[in-house]
There are 2 protein chains.
Amino acid sequence: MQEIEPGAGGGSVPALRRAVRILDLVAGSTARPNAAGLSRALGLPKSTAHGLLAAMVELGLLERGADGSYRLGVHPMRWTGGSVARTDLVPLFYDHLASRPALAAYTVTLSVREGAEVVYIGCRNSDRPLGVTFRIGMRLPAPFTATGKALLASLPDAEIAELLSGPWPTRLTPRSVGGLAALGAEIAATRAAGYSLDDGQVREDMVCLGAALRDHSGQAAAGMAISLLRSDAAPGRLPELGAMLAETARTISRRLGG
Amino acid sequence: MQEIEPGAGGGSVPALRRAVRILDLVAGSTARPNAAGLSRALGLPKSTAHGLLAAMVELGLLERGADGSYRLGVHPMRWTGGSVARTDLVPLFYDHLASRPALAAYTVTLSVREGAEVVYIGCRNSDRPLGVTFRIGMRLPAPFTATGKALLASLPDAEIAELLSGPWPTRLTPRSVGGLAALGAEIAATRAAGYSLDDGQVREDMVCLGAALRDHSGQAAAGMAISLLRSDAAPGRLPELGAMLAETARTISRRLGG
DNA sequence: ATACGTGGTTCAGTATAATGAACCGAATTC
DNA sequence: GAATTCGGTTCATTATACTGAACCACGTAT
């Protein structure tokens, strides 16, 4: 009878767990499921799903359309600010990009780390299409992404090892680094250079540079990255780009700490 | 034994309701409460609070600091996008502001309506300080704010009346309109002009102009407003500013509908 | 040293929230 | 027009998630 949940175990507050799954579903896809569809997707009895959905609507977590479908409510927006640092982070990011014309040619992303993953919370696309779209809320394994490496590099080695002690994520491309030792070298290089590099480890034809943003406490509150096509990434230019990125990150960090 | 809950009734999925209250608390103030504090604030037994909080941490809704305090987790960020329209809305807003130098002199805000309130989901401050900061997640009564009036104006009169059928919100300044009749005139003016006006009804020394953003369905998905000090708001300039705002709103709306 | 306050953990008992079967209405399909 | 599917609602039953009391661990004041 015990449902097998992979990864993380969990036994209590089922209503909350289900609500989170529903919100993930509704937010993660463009589909606008109705109550019956959600009930099926979650394997819940109809009556249970209806009760839960009604409560979620009442709480403002969901809204329901005229056709009975559910879409995300506005209430979660109250939370995306949160700590002082994070409240201001997203606007600050977009704001600052506007004042950096040199970055206009690149797709620039903002993300935070959640465990061994990075979650994208901001993105400004370049005029040059990348062939990849970073959707807000998207998650990628931290060890492969530029932002992830920049954020990991800001942690003590022991913590990195602990975070990645679980099963190593499946590689996304043949270039994806495999294993803690290889990552260690990249982390060291990141610390030395002040910026991180994802050389085709997420998408083979994409190169990304990353840097951490630090709040007043010096902690890495988030990370930013610029992404470009490999064909646009002359190797000689990367250090220059990295320096510009690191400088941008420092500027934003200063404003976070103000 | 039945706890008296004002306003909205509610009986089921208590875990979810409590989780929402906790997130509201944690996100709403800069305080970093610990488990015992939250347990007290919610009137929950310690053991219940601990179980709930542990689950919330596991789900990524909360994070716990080294000192045992709780702060907002990153998981909710996955939801703030949500529907296609809203996923793109916030970046689109910031993105578009960057290309409108004429707006740089004003504080520009983006918000959505939740019931009879507006919730701020984006803000780009002007170089000229306003003396007010619009925090993401902040809420104000819709009838007093420029955005709120613009959003209300896009609804049929009957719906407005129903939304505001409850007790009228306490006025924020002596200029705050009081009563449905007075608001009706403002709504009519908004519909005629294509933009709305808050003339010191939120803060006496602040004037705001608002306009609605419409998605592909023509529905008002959100609203934007520009805010300026009364001393900067020569009465003759308001129509001109309003026209510019309405035009900006139309442009963003078009990109929402694409 | 003792008493006290605070924050956290454990666990059996029970109030309570999830369940699923039955029922209803509407829209399709045969 | 009967049968079927689909979405939604209701309600008695029961599994289960919450409760509260007892118990640690620690720091501080008496």
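Lettering of chains follows the sequences in order, A, B, ..., and the numbering in each one begins at 1.
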Write down the distance between [atom1] ([X]) and [atom2] ([N]), rounded to a whole number of angstrom.
X: B:Arg17; N: C:dA17; atom1: CZ; atom2: P; result: 10 Å
X: A:Leu38; N: D:dG7; atom1: CG; atom2: C1'; result: 13 Å
X: A:Leu53; N: D:dT9; atom1: CG; atom2: P; result: 11 Å
X: B:Leu42; N: D:dC18; atom1: CG; atom2: C1'; result: 15 Å

Side-chain donor or acceptor of [X] paired with backbone N/O of [Y] under 3.5 Å:
X: B:Ser111; Y: B:Tyr120; answer: no
X: B:Thr48; Y: B:Leu44; answer: no
X: A:Ser253; Y: A:Arg214; answer: yes
X: A:Tyr94; Y: A:Cys123; answer: yes

5' precedence on DNA chain C between A:Ala15 and A:Lys46 (nearest-nucleotide basis): A:Ala15
Assuming nearest nucleotide by heavy-atom distance, tell me which of A:Arg18 and B:His50 is located more 5' along DNA chain C.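 Of the two residues, B:His50 wins.
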Nearest-nucleotide pick for [X], side chain only, options being [options]:
X: B:Ala36; options: D:dT19, C:dG8, C:dA18; answer: C:dG8
X: A:Asn34; options: C:dA17, D:dT19, D:dG7; answer: D:dG7
X: B:Ser47; options: D:dA21, D:dT10, C:dG7; answer: D:dA21

Output yes when at least one side-chain N/O atom of A:Arg40 is less than 4.0 Å from OP1 or OP2 of D:dC6, else no.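 The answer is no; no side-chain N or O of A:Arg40 sits under 4.0 Å from OP1 or OP2.
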